[in-house]
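Worksheet for the structure shown next.
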Amino acid sequence: MPRKSGRESFLRKKKVTEVEISDDIKAVRARLRQERSQGKTIGFVPTMGALHKAHAQLIKRAVSENDFSVVSIFVNPTQFGPDEDFKTYPGDFDADTALCDSAAVDTVFHPSVETLYKEDESTRVVVSGITDTMCGKTRPGHFEGVATIVSKLFNIIEPHRVYLGQKDYQQFRVIERMVKDLDFDIELVMCPTEREDDGLAVSSRNRYLDDKERKQSAYIYKALKKGKEMILAGERDAGAVSRKITEIITGNIDAQGIDYAGVFDAYTLKPVGEIKKDIVLAAAVRLGRARLIDNTIVEVS
Ligand code: AMP
């Protein structure tokens with residue numbers, strides 16, 4: 001008899017699973033402690049909703065690699081700057097829960113802002129150093145908001161494994177630093193960047209692009225891939241690689257600005273001069289209403 005495909009076993013699991021939805025910290029904590037006390041592993045995917053195929057990939061792994069899976073849907077106000085899109089961030093809770101349900105997620109945690117941020121709250125988690133570069137430079141306070149909400153969610157969910165996307169590479173490294181420094185007993189899993197057919201990294205914010213911007217946006221990844229090719233062909237001058245990436249982006253995209261485009265150490269995220277160790281090529285481009293980020297890792301050591 002042929003073996004069941006991953007998809008089939010996924011669907012099979014769905015038949016015995018109805019996703020539970022909770023907005024209550026105590027209820028979720030109690031539920032998860034009960035599961036944990038039975039020796040079950042908890043897989044967790046933090047999201048801001050508006051779920052798409054990249055989220056689905058993370059969720060699928062969390063479901064298949066753990067006994068119990070949790071997805072949080074929470075648009076976190078503290079990680080948005082005053083001129084950013086917090087108030088207009090896309091979302092469709094019914095579609096999101098339907099996706100979680102069909103992926104056999106066990107629990108969706110969907111708290112309100114008031115539930116997670118008490119009126120008299122005055123605590124923030126600050127990860128320094130690694131946040132002084134890349135997005136940390138142009139989005140002041142962003143990673144403080146991210147580290148704060150992620151540590152709160154980790155304390156509530158107490159997951160064994162957390163699934164994060166490579167697309168938000170700096171976010172992964174910041175959370176990794178925080179997990180080490182604050183002794184969270186959690187394994188972080190980096191999932192590959194999910195892309196559209198033309199290479200654009202899938203993002204909830206891609207819907208902000210009009211047709212022309214959407215076509216142009218594919219050049220961000222094309223530029224990063226060209227930079228990777230140069231390094232794999234032996235180029236070691238990060239300046240030459242950064243210039244080529246910038247040239248491709250500015251030559252093909254009517255961007256309002258390039259926040260950064262260049263070569264960074266894969267772990268410290270410091271800008272690199274000579275390429276001697278593993279690096280990440282990364283860019284953040286403002287195009288129309290969207291700010292698009294992308295990256296690719298190059299192993300050279
Ligand atoms: P968000 O809802 O945008 O905060 O993203 C939730 C999680 O999904 C984060 O770990 C992101 O890195 C991940 N994610 C978002 N877009 C992608 C993508 N295109 N590929 C892989 N992971 C992604």
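The analysis underlying the following values was restricted to heavy atoms, covering all of them including side chains, and did not include hydrogens, waters or symmetry mates. Order of listing sets the numbers, starting from 1, for every ligand and every atom in it.
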**ligand 1 contact on Arg195 by region, counting heavy-atom pairs under 4.0 Å** = neither
**Prompt:** Taking the side chain from Gln256 and the backbone from Gly288, do they hold a donor-acceptor pair closer than 3.5 Å?
**Reply:** yes
**Request:** Under 4.0 Å, heavy atoms only, figure out whether ligand 1 is touched by the backbone of Ala50, its side chain, both or neither.
**Result:** neither
**Asked** Any N or O on Gln57 sitting closer than 3.5 Å to an N or O of ligand 1?
**Response** no
**Message:** Counting non-hydrogen protein atoms only, what is the nearest one to atom 12 (O) of ligand 1? Give residue, atom name and distance.
**Reply:** Asp168 OD2, 2.6 Å
**Asked** When you measure from atom 5 (O) of ligand 1 to every protein heavy atom, which one gives the shortest distance, and what is it?
**Response** His55 NE2, 3.4 Å
**Request:** Verify, without hydrogens or angle tests, whether Asn295 (side chain) and Gln166 (backbone) share a donor-acceptor contact under 3.5 angstrom.
**Result:** yes
**Prompt:** Atoms of ligand 1 less than 4.0 Å from Leu58 heavy atoms?
**Reply:** 7 (C), 8 (O), 10 (O), 13 (C), 22 (N)
**Item:** Which residues share a side chain to side chain contact (heavy atoms under 4.5 Å, CB included) with Lys212, sequence neighbours left out
**Value:** Asp210, Gln216, Asp254
**Prompt:** Could an N or O of ligand 1 be found under 3.5 Å from any N or O of Pro46, whether backbone or side chain?
**Reply:** no
**Request:** For Thr88, check side chain to side chain contact (heavy atoms under 4.5 Å, CB included) against everything at least two apart and list the hits.
**Result:** Asp85, Tyr208, Arg289
**Asked** Where the side chain of Arg36 meets the backbone of Glu158, is there a donor-acceptor pair that is under 3.5 Å apart?
**Response** yes
**Request:** Please confirm whether the backbone N or O of Leu58 pairs with a side-chain atom of Glu194, one donor and one acceptor, at under 3.5 Å?
**Result:** no
**Message:** Does ligand 1 come near enough to Val202 that some N or O of the ligand is less than 3.5 Å from an N or O of the residue?
**Reply:** yes
**Complete:** If we number the atoms of ligand 1 from 1 as shown, the ones under 4.0 Å from a heavy atom of His52 are 16 (N)
**Asked** Would you say the side-chain atoms of Arg291 and Thr138 include a donor-acceptor pair closer than 3.5 Å?
**Response** yes
**Message:** Considering both backbone and side-chain atoms of Glu194, is one of its nitrogen or oxygen atoms within less than 3.5 Å of a nitrogen or oxygen in ligand 1?
**Reply:** yes
**Message:** Between Lys152 (side chain only) and Leu116 (backbone N and O only), is there a donor and an acceptor less than 3.5 Å apart?
**Reply:** yes
**Asked** Which of parallel (below 30°), tilted (30 to 60°) and perpendicular (above 60°) describes Phe80 and Tyr89?
**Response** perpendicular
**Prompt:** Taking His110 for the side chain and Ser22 for the main chain, is one N or O donor matched with an acceptor at less than 3.5 Å?
**Reply:** no
**Request:** Record the part of Val45 in heavy-atom contact with ligand 1 below 4.0 Å; permitted values are side chain, backbone, both and neither.
**Result:** neither
**Prompt:** Just by modelled atom types, is the Ser37 backbone N or O under 3.5 Å from a matching donor or acceptor in the Lys40 side chain?
**Reply:** no
**Item:** Proximal candidate to atom 3 (O) of ligand 1 [heavy atom criterion; set Tyr169, Tyr89, Tyr163, Phe74]
**Value:** Tyr89
**Asked** In the protein, what heavy atom is nearest to atom 4 (O) of ligand 1, and what distance, to one decimal place, separates them?
**Response** Met48 CG, 3.6 Å
**Request:** Do me a favour and list the nearest non-hydrogen protein atom to atom 17 (C) of ligand 1 with residue, atom name and distance?
**Result:** Ala54 CB, 3.3 Å
**Item:** Identity and distance of the protein heavy atom lying nearest atom 22 (N) of ligand 1
**Value:** Gly165 CA, 3.3 Å
**Complete:** ligand 1 to Thr47, heavy atom cutoff 4.0 Å, flagged ligand atoms 2 (O), 6 (C)
**Item:** Contacting atoms of ligand 1, where contact means under 4.0 angstrom from a heavy atom of Leu164
**Value:** 10 (O)
**Prompt:** Does Leu51 offer a backbone N or O that forms a donor-acceptor pair with the side chain of Asp96 under 3.5 Å?
**Reply:** yes
**Asked** In terms of residue, atom name and distance, what is the protein heavy atom nearest to atom 21 (C) of ligand 1?
**Response** Pro192 O, 3.4 Å
**Message:** Counting only nitrogen or oxygen atoms and a 3.5 angstrom limit, does Ser203 reach ligand 1?
**Reply:** no
